[in-house]
Amino acid sequence: MRRAWVAPFVALAAVFASATVVLADRRPSRAPAGAAAHQVPKPRIVWDPIPFGTKRKAETVAYVRRHYGSFMKPNWRLVHPHVIVIHYTDGPSFSSAWNTFAEDVPDSELHELPATCAHFVVDTNGTIYQLASVGTICRHTVGLNWTAIGIEHVGYSDGQILGDGRQMSSSLRLVRWLRCRFHIPIKNVIGHNESLSSPYHHEDVPALRTQTHDDWNRHDMRIYRHRQGALGPC
C-alpha cells in the first residue's frame, strides 16, 4: 500500500511486550467439511498480532457505519471475504509496518480511526506474519475493507517484489491457501490500484468514491495472477 505517511520506525507499542509465536489462525475455516480447500497446504505463518482491543473494535464499528452503513450492519467482524488485496509497505522492514499498524492513531492521509492495518505482511526473506484475524475488518483499501483481506509486502515497488523469489513464493502460497479456503476466484485477487474496478467496491462517503492508491497496478497484477494460476486449482 503506497503511502507517504508510513513512518519507518515508530516506537513499539507497550503491548508488544509479549513474545511472537507461531500459531494457526484461531478462527475455524469457513470452507465446508471435506472441501478441496483442506487439500491446499497452509504456509508457515508467524502470528504477531497488533493490538485490537475494545476501543479499536468500537472505532471499526463506527468506521463501518460511516463508510458502509447503507448496506450492512455496522460490525468489526469480517464475515465472508470476497476479495484479496495486494499492497506493498513503501517501507524498509516488517517492524516499521508493524509499528505503523499497531499505533492506533488517525492516519495522515484520511485522518480517520481506527488506524490502518493489514491482515498479513510478507517480509523480504519470505516470512509471512499475521497481524490480525481474518475474522476482523482491517482498514487497508477504501471501498473494500468490509469484504477484503489485506496482504502487505515489505518493499517499495511492484517490480521489486515480483523480482524477489522468496517473497513471491511465500505470497503466492499464502494467497492460494486463502482463496481456496474462502472460495475467492483468482480474478478477485487484486492490487490496491485496481480497487475501483472491483464489483465489491462500495463507498458511502462521496468524496472517497474514487480514492485509491498506485501500488500493484493492473499490468503487474496480471503477472501476479498468472503466477497464482500456475499453482493449480484448489
Query raised in the report: Can Glu194 and Arg225 be said to form a salt bridge (charged side-chain N to carboxylate O under 4.0 Å, His left out), step by step?
Result: CA-CA 13 Å; Glu194 300 178 295; Arg225 285 188 288 265; 2.9 Å; yes
Report task. Would you check, one step at a time, whether the test side-chain contact (heavy atoms from CB on, under 4.5 Å) holds for Val64 with Trp146? Result -> CA-CA 7 Å; Val64 170; Trp146 67 279; 5.8 Å; no
Query - Audit row: Arg181, Val134, side-chain contact (heavy atoms from CB on, under 4.5 Å) steps and yes/no - result: CA-CA 11 Å; Arg181 174 180 174 182; Val134 291; 4.1 Å; yes
Query raised in the report: Hey, mind stepping through Phe94 and Leu131 against side-chain contact (heavy atoms from CB on, under 4.5 Å) and telling me if it holds?
Result: CA-CA 11 Å; Phe94 164 71; Leu131 279 60; 3.8 Å; yes
Requested in this report: Might you work through the side chain to side chain donor-acceptor pair (under 3.5 Å) test for Thr147 and His202, ending with a clear yes or no?
Outcome: CA-CA 10 Å; Thr147 193; His202 186 100; over 6 Å; no
Query raised in the report: His87 and Thr141: side-chain contact (heavy atoms from CB on, under 4.5 Å), yes or no, with the steps?
Result: CA-CA 9 Å; His87 309 266; Thr141 308; 3.1 Å; yes
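Counting only distance, with no hydrogens or angles, the side chain of Ser170 and the backbone of Gly126 share a donor-acceptor pair below 3.5 Å. In terms of modelled atom types and a separation under 3.5 Å, the side chain of Arg56 and the main chain of Ala115 share a donor-acceptor contact. The backbone N or O of Trp216 lies less than 3.5 Å from no partner atom in the side chain of Asp220, so there is not a single donor-acceptor pair. At least one donor-acceptor pair under 3.5 Å links the side chain of His119 to the backbone N or O of Gly150. In terms of modelled atom types and a separation under 3.5 Å, the side chain of Gln228 and the main chain of Leu172 share a donor-acceptor contact. Under a 3.5 Å cut-off, the side chain of Ser169 and the backbone N or O of Gly165 do not form any donor-acceptor pair. Within the 3.5 Å criterion, the main-chain N or O of Val154 finds a donor-acceptor partner in the side chain of Gln167. Although no hydrogens or angles enter the test, the distance criterion places a donor-acceptor pair under 3.5 Å between the side chain of Arg176 and the main chain of Pro233. Thr136 places no side-chain N or O within 3.5 Å of a backbone atom of Trp76 that could act as its donor or acceptor partner. Proximity of a side-chain donor or acceptor of Arg227 to a complementary backbone N or O of Leu162 within less than 3.5 Å is detected.
Tracing side-chain contacts under 4.5 Å through hydrophobic residues (I, L, V, M, F, W, Y), one never reaches Ile186 starting from Ile223; they form parts of separate clusters. When hydrophobic clusters are built by joining Ile, Leu, Val, Met, Phe, Trp and Tyr residues whose side-chain heavy atoms come closer than 4.5 Å, directly or via intermediates, Ile137 is not grouped with Val105. Put simply, Phe71 and Leu196 are part of two different groups of oily side chains (I, L, V, M, F, W, Y) that touch within less than 4.5 Å, one to the next. Under the 4.5 Å side-chain heavy-atom criterion for Ile, Leu, Val, Met, Phe, Trp and Tyr, Met168 and Leu178 are members of the same hydrophobic cluster. Put simply, Phe101 and Val46 are part of the same group of oily side chains (I, L, V, M, F, W, Y) that touch within less than 4.5 Å, one to the next.
The heavy-atom pair separating Gly143 from Tyr68 by the smallest distance is N-OH, 3.3 Å. Closest heavy-atom contact between His183 and Pro185: O-CD, 3.6 Å. Nearest heavy-atom pair, Asp204 versus Arg209, reported as atom, atom and distance to 0.1 Å: O-NH2, 3.2 Å. Heavy atoms only, all atoms of each residue included: Pro114 and Arg139 are closest at O-NH1, 2.7 Å. Heavy atoms only, all atoms of each residue included: Ser198 and Ile190 are closest at CB-CD1, 4.1 Å. Heavy-atom minimum distance, Val85 versus Gly191: CG1-C, 4.1 Å.
Side-chain contact between Glu112 and His67: present, with at least one pair of heavy atoms (C-beta onward) separated by less than 4.5 Å. The closest side-chain heavy-atom distance from Val121 to Trp98 is not below 4.5 Å. Between Pro92 and Tyr156, some side-chain heavy-atom pair lies under the 4.5 Å cut-off. The side-chain heavy atoms of Arg166 and Asn125, taken from C-beta on, include a pair separated by under 4.5 Å. With a 4.5 Å cut-off on side-chain heavy atoms, Thr116 and His140 do not count as touching. Side-chain contact between Arg65 and Val61 is present, with heavy atoms from C-beta onward closer than 4.5 Å.
One distance of note links CE of Met221 with CG of Asp158; it measures 9.0 Å at 0.5 Å rounding. Between the CD1 atom of Ile50 and the OH atom of Tyr129 there is a distance of 15.5 Å, given to the nearest 0.5 Å. The distance from the OG atom of Ser195 to the CD atom of Gln211 is 7.0 Å, given to the nearest 0.5 Å. Residue Ile151 holds its CD1 atom at 11.5 Å from SG of Cys138, rounded to the nearest 0.5 Å. With values rounded to the nearest 0.5 angstrom, His153 atom NE2 is found 14.5 Å from Asp90 atom CG. Rounded to the nearest 0.5 Å, atoms CD (Glu203) and CZ (Arg66) are 10.0 Å apart.
Using bins of under 30°, 30° to 60° and over 60° for the plane-to-plane angle, the ring pair Tyr200/His82 lands in the parallel bin.
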